[in-house]
Student: 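Got a structure here, written out as structure tokens. Questions coming.
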Amino acid sequence: MDADGCGSRVHARIYPDAVAHNLAALRVLAARATPAPRIWATVKADAYGHGLCRVLPSLADADGLAVTQLADARACRDLGWTGPILVYAGLLDPAEADRLALAGLHLALSHAAQIDWLAAAPAAAAPPWVWLRYVGDIGYTGFDDAGYAAAYARCATLLAQGRIAGIGHLNHYGRAEHADGLGQADRRFQAVTRGLPGPRSCCNSAALLRHPGAAQGTDWVRPGLALYGASPLPGIDGAALGLRPAMSLHSRIVGIRDVAAGARIGYNGTIVASAPLRVGLVACGYGDGYPRHAPAGTPVVVDGHAATTLGAVTMDLMPVDLTALPPIAVGAPVVLWGTPELPVEAVARHIGTIAAELLTSLTPRVRVMSARAGDRPPQAACR
Ligand SMILES: *Cc1c(COP(=O)(O)O)cnc(C)c1O
């Protein structure tokens with residue numbers, strides 16, 4: 001298999017340069033606050049499906065990386081990242097607290113047992129920072145108004161004993177994409193942390209992109225999705241926000257059939273041709289991570305022409321409507337998402353999901369390769 005995707009059914013092209021561009025763009029947004037906050041570049045879920053190893057060099061300018069679990073932090077170190085690493089899930093169990101060996105570790109703590117585990121563990125050679133997570137308006141996890149001060153006091157004891165290196169305060173917004181998404185959430189966070197020393201960390205991608213003043217008063221922001229060029233704001237694509245997509249997904253036409261009006265195709269005859277139909281089969285299905293429930297009408301690009309799916313996505317194949325297109329040959333390239341004509345956000349909208357879900361859903365059989373924007377898309381004729 002060569003670098004342009006020949007020989008693969010479905011392949012994803014990753015654009016590391018786009019990640020570097022997006023990080024710089026987010027830094028400009030963050031720098032509207034004074035002093036400018038630092039950036040935890042969120043690389044959870046293998047860098048939102050882009051492959052940490054592929055995008056890490058593009059994140060060299062980030063101040064820290066944020067991951068989900070401790071094992072991911074180790075992976076960052078193994079790939080050569082020497083800066084701070086924030087672990088959103090903190091500690092999963094006491095055994096993790098016993099094995100804190102990484103330097104530069106920052107653990108988000110969300111419940112009291114995690115503090116118990118740290119207190120009971122042997123003192124780490126390089127004590128970690130902890131960040132107390134406020135439950136916030138998302139309300140999934142974290143210390144609430146009643147428990148926050150006590151959690152802080154216990155951590156302050158660990159700090160005095162030298163068992164941790166510092167204490168920060170972390171809030172995660174639940175509805176930052178809305179005009180009124182921050183006010184109440186910020187007021188509650190400020191109230192619960194008032195008078196407590198330590199840095200603050202707020203702001204996901206939506207907060208930075210939607211609210212010019214969002215980063216004011218926070219020491220560290222934590223964008224994720226926007227680093228990869230996708231927008232979390234409803235109805236606004238990343239390109240309109242100055243972001244560049246970091247992944248495009250490609251396949252090809254592997255079969256073409258003309259079916260008569262009234263014919264049924266697909267399992268259980270799900271698709272009924274209301275008129276004579278030219279059906280193209282794209283070599284991509286839910287076994288590759290393309291959602292099975294993608295409805296008819298989901299946009300694709302076939303040989304450079306806008307087209308739509310017919311629904312009935314199978315494990316390996318999905319039918320698209322070629323009826324109104326100029327002649328298309330078997331082997332024609334198909335873009336599933338991630339080019340300027342077909343942003344992943346547009347595909348997500350049609351499917352009723354969000355870009356982040358599509359990007360993180362690709363399965364191991366999708367071939368992934370690094371590319372540069374403007375590289376020639378894969379050609380039908382390649383051998
Ligand atoms: C995923 C995550 C982020 C980044 O969110 P995006 O919406 O992708 O920018 C920030 N903070 C926490 C706690 C997260 O879990």
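As the structure is a prediction and not an experimental result, all values here were calculated from the model. Basis for what follows: all heavy atoms, side chains included, without hydrogens, waters or symmetry-related copies. Start at 1 and go down the list; that is how both ligands and their atoms are numbered.
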Student: When you check the gap from the basic side-chain N to the acidic O, do Arg54 and Asp46 get nearer than 4.0 Å?
Tutor: no
Student: Does an N or O anywhere in Ala206 fall below 3.5 Å from an N or O of ligand 1?
Tutor: no
Student: Do me a favour and list the nearest non-hydrogen protein atom to atom 15 (O) of ligand 1 with residue, atom name and distance?
Tutor: Lys44 NZ, 2.6 Å
Student: Could you find the nearest protein heavy atom to atom 7 (O) of ligand 1 and give me its residue, atom name and distance?
Tutor: Asn204 CB, 3.8 Å
Student: Which of the atoms in ligand 1, numbered in the order shown and given with their element, are less than 4.0 Å from a heavy-atom of Leu225?
Tutor: 6 (P), 8 (O), 9 (O)
Student: Strictly under 4.0 Å, does any heavy atom of Pro232 approach an atom of ligand 1?
Tutor: no
Student: Could you tell me, atom by atom, which parts of ligand 1 come under 4.0 Å of a heavy atom of Ser205?
Tutor: 6 (P), 9 (O)
Student: Taking Asp63 first and then Arg27, would you say they form a salt bridge - that is, a charged N and a carboxylate O separated by under 4.0 Å?
Tutor: yes
Student: Would you check if the side chain of Arg13 reaches a backbone N or O of Gly338 as a donor-acceptor pair within less than 3.5 Å?
Tutor: no
Student: Check ligand 1 against Arg133 and write out every atom of the ligand that is under 4.0 Å from a heavy-atom position of the residue.
Tutor: 13 (C)
Student: Quickly, which of Tyr152, Tyr134, Tyr148 forms a side-chain hydrogen bond (donor to acceptor under 3.5 Å, both in side chains) with His169? Name it, please.
Tutor: Tyr148
Student: So, are Arg9 and Asp288 salt-bridged, with charged N and O less than 4.0 Å apart?
Tutor: yes
Student: Looking at Asp219 and Arg200, is any side-chain nitrogen of the basic one under 4.0 Å from a carboxylate oxygen of the acidic one?
Tutor: no
Student: Examine Pro223 against ligand 1 and note whether any of their N/O atoms are separated by less than 3.5 Å.
Tutor: no
Student: Can you confirm whether more than 12 heavy atoms, excluding those of Arg292, are under 6.0 Å from its CZ atom?
Tutor: no
Student: Regarding atom 10 (C) of ligand 1: of the candidates Tyr140, Tyr88, Tyr48, which has the closest heavy atom?
Tutor: Tyr88
Student: Give me the nearest non-hydrogen protein atom to atom 4 (C) of ligand 1 as residue plus atom name, then the distance to 0.1 Å.
Tutor: Arg222 O, 3.3 Å
